[in-house]
Engineer: 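Take this structure, written in structure tokens, and hold onto it; I'll ask about it next.
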2 protein chains.
Amino acid sequence: MEQIRQIMKQMISISGDELNEFLNQTITKTFKREETLSRPNSIPNEIYFINKGLIRTLITDNEGSEHTIHFALENQFIADYSNFIQKQPSLYTLKTVEETQVIVLPRSAIEWGYENLTDGQKMGRLIAEFYFIYQDDRIKNTYVRTPKQRYDNITDVFPNIHNRVPQHMIASYLGITAVHLSRLKKLQF
Amino acid sequence: MEQIRQIMKQMISISGDELNEFLNQTITKTFKREETLSRPNSIPNEIYFINKGLIRTLITDNEGSEHTIHFALENQFIADYSNFIQKQPSLYTLKTVEETQVIVLPRSAIEWGYENLTDGQKMGRLIAEFYFIYQDDRIKNTYVRTPKQRYDNITDVFPNIHNRVPQHMIASYLGITAVHLSRLKKLQF
DNA sequence: AGAAAATCTAAACATTTGTTATCGTTTCAA
DNA sequence: TTGAAACGATAACAAATGTTTAGATTTTCT
């Protein structure tokens, strides 16, 4: 539990007692490679904190093909946050890429935190702001950068990703086909 | 000021006194058509609430061409929120499309709200969550919908946009050229 | 260790999207 | 009010990206 304590302490002022009471409402789980944490058509009621491993968010379109929408690494929170907030059925699948250990934060713990932690609402604001900034950056890049440029800079956001994720998932994240990415890699610029 | 009062009351519990004290720190401004509210390379220190009118966010790429990233309508908050949060120089331009009246919320008022409004942090969380959900939806659509499908559904997010904004700006928002959008419109599906 | 599956590259061809130029219409500003 | 600029459609051609198939290599699972 040391990692999440440190991350939370970096975000807000929180006492050891508050941290304990909050983390007592969570459980730690381990998933094997390619296991599913969350499926479409169910309402997401959990947020995950990754102790170790790598999780991928994907969406399946009407033709049945999968699109990787996001990667989540160690020391990050991950969820179908939109549908968690809206209490609506998810369209996303959350799946491990490699063996992954997570801390499961159930909705009850999150809501308890908002009400009872001194800086609970602030922590919620900071997490939402963090992901807003990430998404804004991402959207901006689709307008002003080519797929090749986005590929060349992907390790800024996902360090070491090339050694942990097959290339076709990166292509999917970039919004292009695996074949096309393979072609782009040959280009000098 | 009636609109922003109503919107804020819908989001959080806030007394009339709190509202008055908060709104006393704001000013109302009117901009003509195609006027600039915020420019690149300066740190954004204001959030705007639109009483009437329409604002467009755009980014200029290295080749000098403009990309419309967002439209903001009546009763919405708008800013270069990422760089407002990060206190970093903006890459965006905020420009009115038509004559627009806004309430200007300076950074000082926002920070005062976080500290002094009973539900200040919660309001910040809800706004960040709202825009997170909007962006998530947008990113999702780029993966699973064609430009034509996104065009056909744009009024879900921006009602009446076709009567207020020239088509080439919509094309830009969709990430395609104006010529291509004109072509797509002829297609049945 | 060995068989099956996954991965990456490559080439040929198809489709989508961008670019440039033109034209008629509408909108805007002096 | 009028001339200039902006706008939207269209066509021809160019560039980017997708699709299918194949083959060689690596990884995974038993």
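Because the structure is predicted, anything quoted here is derived from the model rather than measured. Here is the naming used below: chain letters follow the sequence lines, and residue numbers restart at 1 for every chain.
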Engineer: Is there a side-chain contact between A/T177 and the phosphate of D/dG18, meaning an N or O under 4.0 Å from OP1 or OP2?
Structural biologist: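 Answer is yes, contact under 4.0 Å.
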Engineer: State whether the side chain of A/D119 and the backbone N or O of A/M123 hold a donor-acceptor pair below 3.5 Å, judged by distance alone.
Structural biologist: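 No; zero donor-acceptor contacts below 3.5 Å.
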Engineer: Can you check the B/L184 CG to C/dT15 P distance for me, whole Å?
Structural biologist: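 From B/L184 CG to C/dT15 P: 16 Å.
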Engineer: What residues form a salt bridge (charged side-chain N to carboxylate O under 4.0 Å, His left out) with B/E18, not counting sequence neighbours?
Structural biologist: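 For B/E18 there are no salt bridge (charged side-chain N to carboxylate O under 4.0 Å, His left out) partners, ignoring immediate neighbours.
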Engineer: Go through C/dT9, C/dT7, C/dT17 for me and flag the one nearest to the A/K185 side chain.
Structural biologist: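 Nearest nucleotide to the side chain: C/dT9.
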Engineer: Rounding to 10 degrees, work out the angle separating the end axes of the helix from C/dA1-D/dT30 to C/dA30-D/dT1 (five pairs an end).
Structural biologist: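 Axis-to-axis angle, ends of the helix: 70°.
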Engineer: Please report the distance, rounded to the nearest Å, between CG in A/L181 and C1' in D/dG18.
Structural biologist: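 That distance rounds to 14 Å.
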Engineer: Taking the minimum atom-to-atom distance to the side chain of B/R183, which one of D/dT17, C/dT17, C/dA21 wins?
Structural biologist: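 Closest of the options to the side chain of B/R183: C/dT17.
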Engineer: Nearest whole Å is fine: how far is D/dA5 C1' from B/R33 CZ?
Structural biologist: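 That distance rounds to 11 Å.
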Engineer: B/L187 has an atom CG; how far is it from atom C1' of C/dT16, in whole Å?
Structural biologist: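 For the pair B/L187 CG and C/dT16 C1', the rounded distance is 11 Å.
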Engineer: Rounded to whole angstrom units, what separation is found between the NE2 atom of A/H168 and the C1' atom of C/dA10?
Structural biologist: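 It is 18 Å, rounded to the nearest whole Å.
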Engineer: Grab the CD-P distance between A/E66 and C/dA6 for me, whole Å please.
Structural biologist: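 These atoms are roughly 12 Å apart.
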Engineer: For a quick test of reading the model: is some side-chain N or O of B/Q167 closer than 4.0 Å to OP1 or OP2 of D/dA9?
Structural biologist: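 Answer is yes, contact under 4.0 Å.
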Engineer: Between C/dT9, D/dT10, D/dG8, which one does the side chain of A/S182 approach most closely?
Structural biologist: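 From the listed options, C/dT9 comes nearest.
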Engineer: Identify the two heavy atoms, one from A/F77 and one from A/L105, that lie closest to each other, and give their separation to 0.1 Å.
Structural biologist: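 Nearest heavy atoms, A/F77 then A/L105: CE2-CD1, 3.6 Å.
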Engineer: Out of C/dT7, D/dG18, C/dT20, which has the shortest distance to the side chain of B/V179?
Structural biologist: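 From the listed options, C/dT20 comes nearest.
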Engineer: Relative to the ring of A/Y173, is the ring of A/F71 parallel (under 30°), tilted (30 to 60°) or perpendicular (over 60°)?
Structural biologist: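 Tilted.
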Engineer: Would you confirm whether the ring centroid of B/H70 sits within less than 6.0 angstrom of the ring centroid of B/Y134?
Structural biologist: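 They qualify: ring centres under 6.0 Å apart.
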